[in-house]
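Right, one structure below, let's go through it.
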Number of protein chains: 2
Amino acid sequence: MEKTICKFCNLKSAAAKKLNEDEICALGNNCAEVQFKTGDIIIKQDALSTNVVYVKSGLVKIHIKGPIKERIRKIIKAPAYLCLPSTFGDKVNHFSATALEDTSICFIDVNVFKQFIYDNGDFAYQIILDLSKGELQNFHSCLNNAQKQNIGRVADAILFFANEIYNSNSFTLPISRQDLADLTGITRESASRILTDFHNEKILEIDSRKITVVNEALLRQISEKG
Amino acid sequence: MEKTICKFCNLKSAAAKKLNEDEICALGNNCAEVQFKTGDIIIKQDALSTNVVYVKSGLVKIHIKGPIKERIRKIIKAPAYLCLPSTFGDKVNHFSATALEDTSICFIDVNVFKQFIYDNGDFAYQIILDLSKGELQNFHSCLNNAQKQNIGRVADAILFFANEIYNSNSFTLPISRQDLADLTGITRESASRILTDFHNEKILEIDSRKITVVNEALLRQISEKG
DNA sequence: TTAAAAATGTGCGTTATATCACATTATTCT
DNA sequence: AGAATAATGTGATATAACGCACATTTTTAA
């Protein structure tokens with residue numbers, strides 16, 4: 001969904017408010033742009049809603065209360081849709097979203113979005129392409145998680161942040177060790193141990209959350225081995 | 001994607017052929033309906049293609065060569081789209097599809113599909129709803145697989161066939177034990193053992209691939225426990 | 001600046017599950 | 001029908017990873 005832009009926020013702006021504890025993130029009509037700060041909850045699992053949500057700028061984690069424990073499903077980097085109409089099919093969110101850095105979010109009324117689809121075939125087609133592609137990518141990320149061992153998954157996560165999010169071998173991890181564990185589906189202790197191992201083997205330079213990939217080739221090798 | 005019907009197969013019918021070993025499943029133009037028998041390969045991973053593929057009737061498994069081993073991603077029951085345009089973004093399939101029973105497949109030229117999107121906003125919107133919903137369902141099925149133990153996953157798979165595919169507590173499993181293992185991400189031996197356990201605990205009646213759910217309540221309980 | 005709270009690191013026993021080896025049962029083919 | 005082949009069942013190990021306990025470090029708040 002890389003090349004999509006929010007075509008709606010220029011339309012009208014409705015009254016917008018951030019999500020409080022028991023509040024609902026649905027807006028009345030049309031579209032509104034809202035600023036979130038690091039750590040703010042953007043969408044809350046099980047809350048009611050009827051908006052299309054678009055990440056205009058920033059970084060967001062999608063997380064879900066699984067059958068056993070919390071799981072981070074993915075990290076979304078702007079610009080991208082965070083959720084589309086049927087995500088709210090029953091008007092209840094099935095996931096939460098939290099800002100990992102200062103983030104600007106567009107809430108688009110689902111009827112506005114629908115009308116836009118009707119009027120703009122090329123836009124509709126692009127959305128379909130993006131969704132279909134995303135679905136396929138899910139396939140493969142699930143596969144990775146399912147088949148690789150813990151060490152390979154952590155390697156993947158580090159490479160993901162370096163290459164997909166920050167385009168740099170040196171970055172500050174935007175999430176905690178626990179989050180890294182929840183993202184890769186392992187325990188906090190295992191995540192911690194593996195990072196230490198990577199440091200000892202001179203694959204990573206680690207200073208708390210500051211990470212530098214020293215030996216990317218080896219990291220890739222670990223990822224591929226599974 | 002339950003309520004969608006193939007709106008294309010009434011247009012024109014092009015020359016259609018089944019997939020041979022090294023053959024390509026792409027059709028020239030427009031749309032063609034092709035019959036497949038149980039076990040036939042419908043789509044082959046890494047083959048070239050430029051079609052939208054729609055399952056008009058039958059049952060299909062989507063499987064992928066993972067980084068380590070084969071994995072069954074999901075079972076698709078007609079009517080449903082098997083793949084959409086961007087699945088072929090690079091014109092190479094990233095998965096295989098195999099018929100689990102006699103199946104009728106529509107291959108739709110991507111340009112025909114695109115034009116239809118342009119002309120029919122309601123259709124486009126419906127596709128978007130379906131895709132978005134499917135993506136979310138993937139979320140949760142991944143979660144299940146990731147967090148539950150083997151026994152819970154097998155319980156899920158059995159419940160899936162009973163409730164989603166056959167709507168009956170008595171059915172013939174359309175896949176082998178190995179496939180069941182690949183579907184749940186466990187080993188063949190584990191799958192086998194768990195089925196035997198279920199039989200001993202009088203949860204299932206098992207006669208080779210014929211399965212009867214005797215104690216669905218207990219099966220659900222196992223599924224929920226993880 | 002210091003105390004309290006949160007996050008992280010690390011050793012160790014336990015356990016679920018993979019892996020290996022082989023027996024048994026189905027299925028296919030001639 | 002009978003042989004060959006494939007699929008399935010099952011015991012005995014090996015091992016990756018979890019879970020627990022607690023030490024240490026970092027962050028937050030007062």
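The sequence lines fix the lettering, A, B, ..., with proteins before strands; numbering per chain opens at 1. Computed from a predicted structure; not experimentally measured.
Straight-line distance from the CG atom of A/Leu195 to the P atom of D/dA17: 14 Å, rounded to whole Å. Taking atom CZ of residue B/Phe198 and atom C1' of nucleotide D/dT10, one finds them 17 Å apart after rounding to whole Å. Atom C1' of nucleotide D/dT26 and atom CD1 of A/Ile206 are separated by 15 Å, given to the nearest angstrom. B/Asn150 has its CG atom 14 Å from the P atom of D/dA17, to the nearest Å. The separation between B/Gln149 atom CD and D/dA16 atom P is 19 Å, rounded to whole Å. In this entry the distance linking NZ of B/Lys210 with C1' of C/dA26 reads 14 Å, nearest Å.
Scanning all heavy atoms of the two residues, the minimum distance from A/Ile42 to A/Thr98 falls at CD1-C, 4.1 Å. Residues B/Glu70 and A/Gln147 share a closest heavy-atom pair of O-NE2, 3.7 Å. For the pair B/Asp102 and B/Thr38, the tightest heavy-atom approach, listed with the atom from each and the gap, is OD1-N, 3.2 Å.
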Cut-off 3.5 Å, no hydrogens considered: what does the side-chain donor-acceptor table look like for residues 190-199 of chain A, sequence neighbours left out?
from	atom 1	to	atom 2	distance (Å)
A/Ser190	OG	A/Thr187	OG1	2.9
A/Thr196	OG1	A/Ser192	O	3.0

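In this view, B/Thr212 and B/Ser170 satisfy the side chain to side chain donor-acceptor pair (under 3.5 Å) rule, not counting sequence neighbours. Listed by chain and number, the residues in a side chain to side chain donor-acceptor pair (under 3.5 Å) with A/Gln178 are A/Asp182 (sequence neighbours excluded). The side chain to side chain donor-acceptor pair (under 3.5 Å) check on A/His94 picks up A/Asp90, with sequence neighbours excluded.
Near-neighbour residues of DNA chain C inside residues 170-193 of chain A, defined by a heavy atom below 4.0 Å, number-ordered: A/Ser176, A/Arg177, A/Gln178, A/Arg188, A/Glu189, A/Ser192, A/Arg193.
Nearer the 5' end of DNA chain D, as judged by each residue's closest nucleotide, is the contact made by A/Lys69, out of A/Asp207 and A/Lys69.
Using a 4.0 Å heavy-atom cutoff across all strands shown, B/Arg209 reaches sugar-phosphate atoms only and no base atom.
Counting only distance, with no hydrogens or angles, the side chain of B/Gln45 and the backbone of B/Lys65 share a donor-acceptor pair below 3.5 Å. With hydrogens and angles ignored, the 3.5 Å screen pairs no side-chain donor or acceptor of B/Ser223 with any backbone N or O of B/Leu219.
For the helix from C/dT1-D/dA30 to C/dT30-D/dA1, the terminal axes (five pairs an end, C1' atoms, rotation from four pairs onto the next four) enclose an angle of 60°, given to 10 degrees.
The side chain of B/Thr196 approaches D/dG9 more closely than any other nucleotide in the set D/dA17, D/dT26, D/dG9.
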